[in-house]
Structures are given as C-alpha cells and as structure tokens.
Enquirer: 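Just dropping this structure here.
These numbers come from the heavy atoms of this one structure, side chains and all, not from hydrogens, waters or symmetry mates.
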Amino acid sequence: MAYDPRQQKRIQDELEIVKDRLSKYYEAETAILTGAQEYRIGSRNLRRGDLKTH
C-alpha cells in the first residue's frame, strides 16, 4: 500500500479527538467518584449517578 500523507493526517486528527474525549470521560468519572454529583439550588436538588454503587 502506498504512503498517503493525507490519510495519515486524518488518522492523527481522529486519534487526537478520541484521546481528548477519553480524557474528558476520565475527568467526569473522577468528579463523580469524589463527590461532585449532587447540587442544590434553593429547594431543588439534582443528584447524578453514583459510580460507587453501580
């Protein structure tokens, strides 16, 4: 197969997108595991998923 620099660039760009997305997932998971999962605004509460119990 012939070397195609455009294809290599596309693959590198896609890899960067996937790596960035994975990093964001890990950040979100860490936030949930360390307690950033419940919010209160006035009398309203929002509780997110708890990875420790799932």
Side-chain angles (χ1 to χ4, degrees):
M1 181 177 224
Y3 172 75
D4 184 354
R6 291 174 297 162
Q7 184 176 5
Q8 182 178 359
K9 173 74 169 116
R10 182 185 58 79
I11 291 170
Q12 287 175 334
D13 290 346
E14 288 179 14
L15 180 59
E16 286 304 313
I17 291 168
V18 170
K19 287 167 54 176
D20 182 57
R21 194 170 186 182
L22 181 60
S23 175
K24 289 175 182 174
Y25 280 117
Y26 285 148
E27 288 174 21
E29 181 182 60
T30 299
I32 290 170
L33 290 172
T34 57
Q37 56 192 354
E38 187 168 356
Y39 301 91
R40 180 175 296 206
I41 300 174
S43 63
R44 295 178 164 240
N45 290 344
L46 170 65
R47 183 165 182 88
R48 295 182 172 181
D50 185 350
L51 294 177
K52 294 178 207 173
T53 61
H54 289 92

Enquirer: If you link I, L, V, M, F, W and Y whenever their side-chain heavy atoms are under 4.5 Å apart, who else ends up in the same group as I11?
Expert: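 Under the 4.5 Å side-chain rule, I11 groups with nothing.
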Enquirer: Do Q12 and E16 have side chains that approach each other closer than 4.5 Å (heavy atoms only, starting at C-beta)?
Expert: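 Q12 does not reach E16 side chain to side chain.
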Enquirer: Under the rule for salt bridge (charged side-chain N to carboxylate O under 4.0 Å, His left out), what residues qualify as partners of R21, not counting sequence neighbours?
Expert: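 For R21, no residue satisfies salt bridge (charged side-chain N to carboxylate O under 4.0 Å, His left out) once neighbours in sequence are set aside.
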Enquirer: Who pairs with E27 by salt bridge (charged side-chain N to carboxylate O under 4.0 Å, His left out), at least two apart in sequence or on another chain?
Expert: none
Enquirer: Could you tell me which residues satisfy side chain to side chain contact (heavy atoms under 4.5 Å, CB included) with K9, sequence neighbours excluded, listed by chain and number?
Expert: D13
Enquirer: Taking everything shown except I41 itself, do over 12 heavy atoms lie less than 6.0 Å from its CD1?
Expert: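 Atom CD1 in I41 is not crowded, with 12 or fewer foreign heavy atoms closer than 6.0 Å.
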Enquirer: As an exercise, state the distance from CD of E14 to CZ of R10, rounded to the nearest 0.5 Å.
Expert: 4.5 Å
Enquirer: How would you list, by chain and number, every residue that makes a side chain to side chain contact (heavy atoms under 4.5 Å, CB included) with D20, sequence neighbours excluded?
Expert: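 D20 satisfies side chain to side chain contact (heavy atoms under 4.5 Å, CB included) with K24 once adjacent residues are dropped.
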Enquirer: Suppose clustering is done on Ile, Leu, Val, Met, Phe, Trp and Tyr with side-chain heavy atoms closer than 4.5 Å. Which residues sit in the same group as L22?
Expert: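 The other cluster members (ILVMFWY side chains, heavy atoms under 4.5 Å, direct or chained) are Y26.
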